[in-house]
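Scroll down for the structure; my scribbles are underneath it.
All figures in this text were calculated on a predicted structure; none of them were measured in a lab. Index from 1, following the sequence. Values reported hereafter were calculated over all heavy atoms of this structure, with side chains retained and with hydrogens, waters and symmetry mates removed.
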Amino acid sequence: MQVIELFKTAIQSLKANKKRSFLTIIGIMIGIVAVIAILGIGDGITQTMYDKFGNNAKQGQQTTEIAFNPDNITSNTYGFTQDEVDNIKTQFGGEINNIKIERETDNLSTQAQIGDTTKNTSVSLLKKPSHQIYLIAGKNFTENNLTVGQASALMSDKVAKKQYGTAQNALGTTVTVNDVTYNIIGVYKAQGQYTSDGNQNPYGADLLVPDSLYYHGEGATQGNTLKLTFSQGVNASSISRKIAKYLTKNGPARNQGTYEYIDMEKALKQFSSQMRIITTFISFIAAISLFIAGIGVMNMMYISVSERTQEIGIRLAVGATPFNIMMQFLVEAVILTVTGGLLGFLGGAGLAHLLAPLLSNAIGGQGIHIHAHISLNAFFLAFGTSAAVGLIFGILPARQAANKNLIDILR
């Protein structure tokens, strides 16, 4: 009951000087807002990178990829065939759940003959009609165009206007990609290269063609990316490196390019460590404002002690001990700082969620969509730090109040 009364009395004393208390709370709040916002964005960037490039171990399985990089980027050489997949299953099958040749479908870089000119272009492959295509001229793909594999294509407005002057003039012309000649049946408005969630946007390419025609013949069972799936707990990185070494010695296209496994987990751990150092350093700088706010708390409490000398004397006269007086003022200081800390946590979390999309837009060309990540540890940090500031900067004024002599006060 004494503790409850102590808190009630402390709150009443703070209400007696509302403006002073409010300004002191604001000082603590600003410091906590800065630290929480920085931590939230830093953790959000790290979490986003793990979600985008990690091996999905949290989903009950791990996935890795081995890529083939041809020496000649315009070559039609593929690094992986179905025969090679069967060989890998024979060599490493007991350690791998599934092996699949991944064929890229979005924003493929290739050469195309547009009119009388051969140009480097980007091509996206479609398996079914899409309502996300904004047509400017002509008509969209039909189900028949894509399933039967008719040699029809859509051209972006940028390419059409640059090559033919207007979108309408591009209709009925032809474009040749991978030895297949397509008839342009429509012109669409080109979109950004990446979607809002950071994935490749297929409608940001120069040309849209049927998937079944682009990968035809042997190309339908070949590719340049091998996707491996492992059970959770297996050392996926080690096995993937072994497979990459095996392909370097035995791969079907080993003399026409290189097989490479990029250990994203290792790179992400290094990135996470660097982000932690940077975030800690910036947070330390932001925490300087907490030190300044703490001095403000100490100053306010000294003024409060000076103004309430008679109150202290009366409490001592009716039997209050110096310890009771010290706790009274110490609790007031802690209530001020903890209130500022909790409000700062809410403000910092809100600011982090507000800044994260702006940061995503600033680096939008990289295809990264950042979400702020506010952890439970951040809450405890805000609460603990603000309470510590109250205790550290409130103890001296509280001790001064406790050490006042009743006889000196009465004089």
Determine whether I41 and L355 make a side-chain contact, defined as any pair of heavy atoms from C-beta on separated by less than 4.5 Å. yes
Using a 4.5 Å cut-off on heavy atoms from C-beta on, say whether the side chain of I133 contacts that of L126. yes
By side chain to side chain donor-acceptor pair (under 3.5 Å) - contacts of Q113 (at least two apart): none
I need the minimum non-hydrogen distance between N140 and L135, along with the two atoms involved. N-CD1, 3.2 Å
Are more than 12 heavy atoms from other residues, nucleotides or ligands located less than 6.0 Å from atom NZ of K119? yes
Considering residues at least two apart in sequence or located in another chain, which fulfil the salt bridge (Lys or Arg N to Asp or Glu O under 4.0 Å) criterion with E307? R20
State, yes or no, whether a side-chain contact exists between T337 and F393 at a heavy-atom distance under 4.5 Å. no
Can you name the closest pair of heavy atoms from V187 and A160 and give their distance? CG1-CB, 4.0 Å
Nearest heavy-atom contact between K139 and L154 is O-CD2, 3.5 Å
Can you see which heavy atom on T117 is nearest to which on Q163, and at what distance? OG1-NE2, 3.9 Å
With side chains defined as the heavy atoms from C-beta onward, is the minimum distance between V33 and L346 less than 4.5 Å? no
Between atom CD1 of I288 and atom CD1 of I285, what is the distance when rounded to the nearest 0.5 Å? 6.5 Å
Find the distance between CD1 (I395) and CD (Q400) and round it off to the nearest 0.5 Å. 12.5 Å
Would you list the atom pairs, donor with acceptor, under 3.5 Å between side chains in residues 289-302 and any protein atom, with sequence neighbours excluded?
{"unit_1": "S289", "atom_1": "OG", "unit_2": "A286", "atom_2": "O", "d": "2.6"}

K189: partners by side-chain contact (heavy atoms from CB on, under 4.5 Å), with sequence neighbours left out: Y134, I136, D157
Partners passing side-chain contact (heavy atoms from CB on, under 4.5 Å) against I25 (at least two apart in sequence or in another chain): L336, T339, L343
Measuring from atom CD1 of I114 to atom CG of L207, what distance do you get when rounded to the nearest 0.5 angstrom? 5.5 Å
Find out whether K162 and K158 are in side-chain contact, i.e. whether some heavy atom of one side chain is under 4.5 Å from a heavy atom of the other. no
I278: side-chain contact (heavy atoms from CB on, under 4.5 Å) partners, not counting sequence neighbours: I282
Identify all side-chain donor-acceptor contacts of residues 323-335 below 3.5 Å with residues at least two apart in sequence or on another chain.
{"unit_1": "N324", "atom_1": "OD1", "unit_2": "T321", "atom_2": "N", "d": "3.1"}
{"unit_1": "N324", "atom_1": "OD1", "unit_2": "T321", "atom_2": "OG1", "d": "2.9"}
{"unit_1": "Q328", "atom_1": "NE2", "unit_2": "E332", "atom_2": "OE2", "d": "3.1"}
{"unit_1": "E332", "atom_1": "OE1", "unit_2": "R308", "atom_2": "NH1", "d": "2.9"}
{"unit_1": "E332", "atom_1": "OE2", "unit_2": "S13", "atom_2": "OG", "d": "3.4"}
{"unit_1": "E332", "atom_1": "OE2", "unit_2": "R308", "atom_2": "NH1", "d": "3.1"}
{"unit_1": "E332", "atom_1": "OE2", "unit_2": "R308", "atom_2": "NH2", "d": "2.9"}

For residues 378-390, tabulate all N or O donor-acceptor pairs below 3.5 Å that involve a side-chain atom, not counting sequence neighbours.
{"unit_1": "T385", "atom_1": "OG1", "unit_2": "L381", "atom_2": "O", "d": "2.6"}
{"unit_1": "S386", "atom_1": "OG", "unit_2": "A382", "atom_2": "O", "d": "2.8"}
{"unit_1": "S386", "atom_1": "OG", "unit_2": "F383", "atom_2": "O", "d": "2.9"}

Do V123 and T121 touch side chain to side chain, with heavy atoms closer than 4.5 Å? yes
Any side-chain heavy-atom pair of V159 and Y164 under 4.5 Å: no
For Y182 and A153 the tightest heavy-atom approach is CB-CB, 3.7 Å
Counting only N and O atoms by type, is there a donor-acceptor contact under 3.5 Å from the side chain of N183 to the main-chain atoms of S152? no
State which residues pass side chain to side chain donor-acceptor pair (under 3.5 Å) with T174; sequence neighbours excluded, sorted by chain then number. none
Applied to residues 344-359, the salt bridge (charged side-chain N to carboxylate O under 4.0 Å, His left out) test, sequence neighbours excluded, yields none
CG/L316 to CD/E311 distance, rounded to the nearest 0.5 angstrom? 10.5 Å
Can you list everything that forms a side chain to side chain donor-acceptor pair (under 3.5 Å) with T166? Sequence neighbours excluded, please. N169
When rounded to the nearest 0.5 angstrom, what distance separates CG in L208 from OG in S124? 6.0 Å
Distance check, rounded to the nearest 0.5 Å: T248 atom OG1 versus I243 atom CD1? 11.5 Å
For T176, check side chain to side chain donor-acceptor pair (under 3.5 Å) against everything at least two apart and list the hits. T181
State, to 0.1 Å, how close I374 and A352 come at their nearest heavy-atom pair, and which atoms those are. CD1-CB, 4.1 Å
